[in-house]
Amino acid sequence: MKPAATHMAAQEVDVCIVGAGPSGAVAARRLAEDGFSVTVLERGDWPDRTTIRVGEPDFELWPGREWLWRPDDRRGAGDQPLDERDSDVAALMWNGVGGSMVLFAAQWHRNMPSDFTLRSAEGIADDWPLTYEELVPYYRRIEREFGVSGLNGDPAFPGTDYPMPPLRLRAWGTRVARAHNTLGWHWWPGSNAIATRPYGRLRTCTDRGSCMFGCRERAKSSPDLTHWPDAVALGVRLITRAHALRIETDARGRASGVVYADPDGGEHRQRARIVILAANAVGTPWLLLSSASARHPDGLANSSGLVGRRLMVHPFGAVAGVFDEPVSTWPSPLGQQLYSVQFYETDEDRGFPRGAKWALAASRGPFAAVQDYPWGQADFWGDRLHRTVRERIERSAFWGIFSEDLPDERNRVLLSPDVRDDRGDAVPKLVYRYSQETERLLRWHEARAAESLEAAGATKIYVAPRARNTGWHLLGTARMGDDPATSVVDGDGRCHDVPNLYVFGGSTWPTASGMNPTATIAALALRNTERLIAARRAQAVPA
Amino acid sequence: MSALVLTRDERRRLARLADLLIPAGDGMPAASQVDVHDGGADRVAALLAHVVEPVRRALRADMTLEDLRRDDPEAFGALTTLVAAAYLTEPRVQRLLGYPGRPQESAGYPDAAESELHDLVRPVREHWRAVRE
């Protein structure tokens with residue numbers, strides 16, 4: 001049931017941003033530094049770290065409802081239900097100040113230079129309308145803004161300048177590193193958005209490993225720590241529990257503001273001269289499609305018909321190895337110990353394009369040792385149980401495989417035809433299917449990852465079944481490009497159809513890469529904010 | 001919060017099945033010796049509501065574990081989840097496993113470690129240069 005009245009906010013602001021995750025945070029702070037008036041609408045609340053349960057014996061079983069990964073499981077203030085019946089992968093996110101960085105594993109990677117030129121270099125998918133080299137200065141600044149630890153000098157990522165040394169390499173990481181040196185395969189100490197020294201508001205990591213269920217120590221970087229306190233101090237008005245419902249346009253077709261609901265269901269209108277959507281690759285297309293009007297019957301900024309289409313999620317594989325002696329993997333963050341891009345680039349002999357990044361991660365605690373993921377469903381009950389649990393918690397590590405996910409217009413976010421939220425609005429519906437190519441890619445990489453672990457001394461190998469709860473990297477539902485007929489926004493994130501409406505975040509990506517996306521999401525937000533500032537007097541009215 | 005309301009007979013059956021799944025051995029107690037069938041099961045059921053109904057079904061079925069696994073995999077999965085969760089999150093069991101939980105490690109990342117890392121990555125740089133350049 002919708003309320004009858006919409007309350008007008010008293011003041012028009014220069015910029016209204018929807019979403020307080022990394023893109024919104026970077027943009028808001030940067031705009032405020034240049035004197036813009038900024039209001040940010042965030043569905044959720046600030047994270048409350050006092051509820052993190054990392055010290056409890058049953059932490060593995062129950063990290064607390066606030067820290068679950070699926071909005072439908074969490075049902076927090078900012079969580080809208082999702083219709084995922086037609087998706088092989090569940091969308092994972094955290095809706096609140098800081099966005100999904102609050103729960104991410106903190107693995108930090110730039111995209112590779114080749115990720116920007118797939119069409120021109122390999123004849124597949126699309127090029128980005130910008131290059132790796134253009135982003136390098138922004139990557140560097142962002143790595144300092146967020147506080148990234150890592151070892152500089154990886155030849156695969158030219159120009160890194162991480163401000164902190166990497167997490168310490170443990171015995172199990174060193175084993176795999178030496179094995180790769182013997183095999184002649186790439187590896188490098190993990191780069192993570194985890195502080196290894198006191199850094200701004202971040203404290204030094206204490207290796208508790210609760211990264212993906214909230215960091216009580218405040219060692220893992222997220223915008224609620226690194227950006228929002230500064231942004232608010234600079235005058236940004238951050239409104240939490242403000243559920244953006246639709247973007248409104250004026251008679252000239254320009255965005256005029258955002259209508260949002262407060263927790264009691266009351267509607268408010270925030271007028272703005274510029275609107276930036278930074279609501280991830282599910283929330284952003286949902287909002288554009290929900291903003292349909294007589295003038296824009298297929299949704300706002302959707303003359304290309306591509307709003308919501310080309311959803312990409314980085315299909316995920318995992319291979320675990322059990323070593324022949326204890327390696328004690330549990331004192332470790334869930335960020336990566338090390339990574340490999342040995343098989344990241346296309347090799348035509350493999351029979352599929354592109355590749356994947358591997359991240360070596362710690363095994364978990366005793367309860368995780370008997371889960372289907374990553375261990376499969378082998379029968380270990382009865383007399384074998386104790387031995388199995390011990391060897392998995394004392395002697396194992398696993399490779400996570402983040403695969404390239406080429407765009408397919410059939411994979412998409414749309415408005416659900418039959419599932420509605422508490423307000424009666426259609427919820428986002430995800431349609432996503434693994435392609436046969438993805439399955440071939442993952443199987444090939446799983447076989448190589450098994451070889452890696454065997455070379456490191458693993459005597460047992462477990463290839464994980466495909467897991468549904470792996471949709472962290474939501475990308476590609478409002479793609480950028482130079483041609484308004486085949487893209488939603490231009491290379492600056494500016495909508496072709498609505499020149500004072502911008503989209504920041506992973507939804508603009510034309511291709512997915514095979515990298516953890518936060519570095520590139522944030523670097524793009526910084527670049528595009530500065531280009532917006534430079535061009536702010538040149539807002540044009542569409543013909 | 002979901003409650004695992006069970007009869008006395010169902011508790012006894014849960015203890016019997018739990019001990020088949022997790023018997024004593026290798027210096028570890030059997031499931032029933034750490035109250036998996038009683039307080040442990042209640043504790044888990046309160047957190048994992050989705051296991052309650054299939055566990056009840058498993059306890060009411062007159063089947064061996066093998067038959068249950070084959071004929072009602074959902075009930076078998078729920079039963080094993082409940083038993084394993086109650087057992088493996090029990091502090092006494094974790095102590096016997098040598099699992100310390102997630103204590104805070106001493107902080108600090110010594111600079112010396114970085115020079116060792118540079119030695120370890122030298123072959124990576126050389127290999128990459130040989131292959132890519």
Side-chain angles (χ1 to χ4, degrees), chain A residues 54-62 149 151 153-156 164-169 174 177-178 180-182 184-189 196-198 203-210 217 219 330-332 345 365-372 377 379 381-383 385-387 389-390 393-394, chain B residues 20-28 31 43-44 46-48 65-66 69 73 77 80-81 83-111 113-114 116-118 120-133:
Chain A
V54 60
E56 305 298 324
D58 62 355
F59 168 75
E60 278 194 290
L61 176 64
W62 185 250
S149 59
L151 185 71
D154 182 352
M164 284 176 276
L167 295 167
R168 74 186 78 184
L169 201 57
T174 304
R178 291 208 167 104
H180 275 224
N181 283 348
T182 302
W185 289 4
H186 175 272
W187 73 275
W188 202 260
T196 53
R197 291 180 177 158
R203 301 173 188 164
T204 304
C205 176
T206 57
D207 284 359
R208 301 191 85 175
S210 71
E217 277 60 41
W330 58 74
S332 169
E345 305 288 353
F367 184 55
V370 296
Q371 300 303 300
D372 292 351
Q377 292 185 318
D379 186 2
W381 299 106
D383 294 338
L385 188 278
H386 301 299
R387 198 168 57 250
V389 170
R390 274 213 173 92
I393 64 171
E394 290 175 349
Chain B
L20 288 170
L21 291 166
I22 307 182
D26 296 324
M28 301 296 294
R43 178 169 55 84
V44 174
L47 297 173
L48 304 184
L65 282 172
E66 290 72 22
R69 183 176 201 161
T80 53
T81 294
V83 169
Y87 185 81
L88 294 169
T89 59
E90 172 63 40
R92 182 181 156 207
V93 168
Q94 293 188 349
R95 271 197 305 277
L96 289 167
L97 281 170
Y99 177 68
R102 292 171 185 265
Q104 288 179 301
E105 290 275 300
S106 60
Y109 290 82
D111 290 337
E114 215 172 332
E116 290 168 20
L117 272 185
H118 281 290
L120 202 54
V121 300
R122 188 167 299 121
V124 184
R125 287 204 184 94
E126 289 164 3
H127 174 74
W128 189 271
R129 210 169 290 129
V131 171
R132 313 280 164 139
E133 292 176 3

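Throughout, a chain's letter reflects where its sequence line sits, starting with A, and its residues are numbered from 1. Owing to the predicted nature of the structure, the values given are computational and were not obtained by experimental measurement. Atom set for the values below is all heavy atoms of this structure, side chains included, hydrogens, waters and symmetry mates excluded.
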Query raised in the report: Is it the backbone or the side chain of V370(A) that comes under 4.5 Å from a heavy atom of chain B, or both, or neither?
Result: side chain

Query raised in the report: Considering only heavy atoms, which portion of R203(A) lies under 4.5 Å from any heavy atom of chain B: side chain, backbone, both, or neither?
Result: neither

**Report entry** Rounded distance [0.5 Å steps], NE2 in H180(A) versus NE2 in H127(B)
**Finding:** 11.0 Å

Query raised in the report: Could you walk me through whether V121(B) and W187(A) pass the side chain to side chain contact (heavy atoms under 4.5 Å, CB included) check?
Result: CA-CA 8 Å; V121(B) 300; W187(A) 73 275; 3.6 Å; yes

Query raised in the report: Out of R95(B), R92(B), Q94(B), which residue meets the side-chain contact (heavy atoms from CB on, under 4.5 Å) rule with P57(A)?
Result: Q94(B)

Query raised in the report: Which bit of Q371(A) is near chain B, if near means a heavy-atom gap under 4.5 Å: side chain, backbone, both or neither?
Result: neither

Query raised in the report: Looking at N181(A) and L120(B), what are the two nearest heavy atoms and their distance?
Result: ND2-O, 2.9 Å

Report task. Answer yes or no: is there a side-chain heavy-atom contact under 4.5 Å between W188(A) and L117(B)? Result -> no

Report summary line: If one checks every heavy atom of L96(B) against chain A at 4.5 Å, the contacting part turns out to be backbone

Requested in this report: Please determine, among G27(B), A84(B), A24(B), G77(B), the option with the most heavy-atom pairs under 4.5 Å with chain A.
Outcome: A84(B)

**Report entry** Distance, nearest 0.5 Å, that separates CG of L385(A) from CG of L21(B)
**Finding:** 8.0 Å

**Report entry** Proximity breakdown for S149(A) and chain B, heavy-atom pairs closer than 4.5 Å
**Finding:** neither

**Report entry** E60(A) (side chain) donor-acceptor with T89(B) (main chain) under 3.5 angstrom
**Finding:** no

Query raised in the report: Shortest non-hydrogen contact from F367(A) to T81(B)?
Result: CE1-O, 4.0 Å

Query raised in the report: Side chain, backbone, both or neither: which part of L61(A) has a heavy atom under 4.5 Å from chain B?
Result: both

**Report entry** Side chain H386(A), main chain D26(B), donor-acceptor under 3.5 Å
**Finding:** no

Report summary line: Heaviest contributor of heavy-atom pairs below 4.5 Å to chain A, chosen from E90(B), H118(B), R122(B), is H118(B)

**Report entry** Under 4.5 Å from a heavy atom of chain A, the part of R43(B) involved
**Finding:** side chain

**Report entry** Pairwise side-chain contact, P366(A) with V93(B), heavy-atom cut-off 4.5 Å (strictly under)
**Finding:** no

Requested in this report: Below 4.5 Å from any heavy atom of chain B, which atoms of A156(A) appear? Answer side chain, backbone, both or neither.
Outcome: both

**Report entry** Least distance between heavy atoms, W128(B) atom then P155(A) atom
**Finding:** CD1-CB, 3.3 Å

Report task. For chain A, find which of A85(B), P91(B), A86(B) contributes the most heavy-atom pairs closer than 4.5 angstrom. Result -> A85(B)

